[in-house]
Amino acid sequence: MKKDIKKEILEQIKKEKVKIKPKSYFQILKGVIYGLSIILIVFTVYVFNLMFYLPSRTTRIVERAGINEYLSLFPWPLIIIGAAAIGILIYLYRNYEGGYKKHLLITTLIIFGISLIAGGALAKSNLNEKLEQRPDLRRMYDWHDDNFVPRGPRNRLRRIKEDQELQELNSAFIPKINKHRVAAEANEKVSEINAIKGAQDPIYNRPSKEGDSGTNSVIKAVSQYTEELIEQIKIKLKFQNLKEENKK
Amino acid sequence: MDFKKLSDEAVVSYAQEHSGVGFEELIDRYQNQLFGYTIRLIRDKDLAEDAVQDTFISAYQNIQSFDTSRKFSSWIYRIAHNKAINEIRRHKKQISLEDAPEIESKENVKEIEGQLGKKQAREILEANINKLNIKYRGIIILRYLEEKSYDEISDILKIPTSTVGVRIRRGLEKLRQSININLEDYL
């Protein structure tokens, strides 16, 4: 060698131009890589789970099944996302964990197989149903329905969902309706008795006023219920308008 | 501290704990080996020297990342290989990576090695190695001139051990074609 490499390197080191990177730097880097790998594994398994879950869920809701229906509902874009995640995982494994010792094809098949099995198992569990109830994640499932379910099943799905929403709304009101009806009927009876006896109203625990007849109590209760119902309908209409605006 | 008696890994371990003390010893041990490897790979003396210098600087900076349970020579050769490839790319030297599908056949490789004999193989290789493209040149240099094991080559080039065998076989076949020689004449 013409140059004295050793001398040059040592000179550079002495002049503080070259510094040793601290151990903590590599530890943090390793932590980041492991963290990223774990996130990617979880994400990949979840994506594969969705590949199984979403088509089966839609066929179940719209009450149609069969391989053709399943394929028409398959969330194909998820395959690209899943493949990208697997690609990054393979890259990290081969570059940071000695994965290069194994053939690329074998590594790919192993990671793909594990993701597929774990995703399938997850889809069979009731985790998706639970996640779907969460408002933030529910939007994601709805987004899939609105964008990736073909038009025919999508319309059926939308109608079914709207019916479900109405049912939920009704079920929330039924106890109130009953409460008002019972109160109104009781009030009417009591008012009749009060009219005869001139006693106090036991239900509302307030003194009877002149002209506060049973009929008036019923009218009051029904109008109160009607107002609440109108308010809820307004909210529902507002919600539907917002949804339509968003779609536009 | 007498580093001469210590293994590479022990010297690195000491350097890790004592802010690089002992790194000089590693330069002494590897500068000629690495220069020999990079000059055969790059085929340019100045660029090879630059590559070796960059290798040691990079090794010094990243010494804390070295896992002392592994082999130091594979680690430093890996860095040198990468630096050499970078130099070649930067100066647009002859690179014609052939991406032909590889068929794994370790038996064939061992058969050819057995037939040639180490001395004769070295003779042929030294004379014709420059005609090979970088993909095979590197692996043939490591195997026959640097005398690295398949496992070490796998660590240096970050390829599966089975692929090392395949590439060596193909490299030897290409060498034979390039010098237009019949192996039988050497036996």
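Convention: sequence-line order gives letters A, B, ...; per-chain numbering from 1. Everything quoted here is computed from the prediction, not taken from an experiment.
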**Q** With side chains defined as the heavy atoms from C-beta onward, is the minimum distance between A:Lys21 and B:Gln64 less than 4.5 Å?
**A**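 When only atoms from C-beta onward are counted, B:Gln64 and A:Lys21 do not touch, as no gap falls below 4.5 Å.
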
**Q** From A:Ile106 CD1 over to B:Ser162 OG, what is the distance, rounded to the nearest 0.5 angstrom?
**A**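 A:Ile106 atom CD1 to B:Ser162 atom OG measures 7.0 Å (nearest 0.5 Å).
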
**Q** So which atom in B:Pro160 and which in A:Lys102 form the shortest heavy-atom distance, rounded to 0.1 Å?
**A** CG-O, 3.6 Å

**Q** For B:Ile159, which atoms come within 4.5 Å of any heavy atom of chain A: side chain, backbone, both, or neither?
**A**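 Looking at B:Ile159, just its backbone touches chain A.
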
**Q** Any side-chain heavy atom of B:Lys158 sitting closer than 4.5 Å to one from A:Arg94?
**A**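 They are not in side-chain contact.
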
**Q** Which value, rounded to the nearest 0.5 Å, describes the distance between B:Ile63 atom CD1 and A:Phe26 atom CZ?
**A**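 Spacing of CD1 (B:Ile63) from CZ (A:Phe26) equals 9.5 Å.
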
**Q** From B:Ile27 CD1 over to A:Lys7 NZ, what is the distance, rounded to the nearest 0.5 angstrom?
**A** 13.5 Å

**Q** Is there a donor-acceptor contact under 3.5 Å linking the side chains of B:Ser154 and A:Lys101?
**A** yes

**Q** Determine whether A:Val18 and B:Gln61 make a side-chain contact, defined as any pair of heavy atoms from C-beta on separated by less than 4.5 Å.
**A**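 Result yes, sub-4.5 Å side-chain heavy-atom pair found.
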
**Q** Which is it for B:Asp155 and A:Tyr100 under the side-chain contact (heavy atoms from CB on, under 4.5 Å) test, yes or no, and what are the steps along the way?
**A** CA-CA 8 Å; B:Asp155 286 333; A:Tyr100 58 85; 2.6 Å; yes

**Q** Where on A:Leu10 is there a heavy atom nearer than 4.5 Å to chain B: the side chain, the backbone, both, or neither?
**A** side chain

**Q** What's the shortest heavy-atom distance between A:Ile9 and B:Gln53, and which atoms?
**A** CG1-CG, 4.0 Å

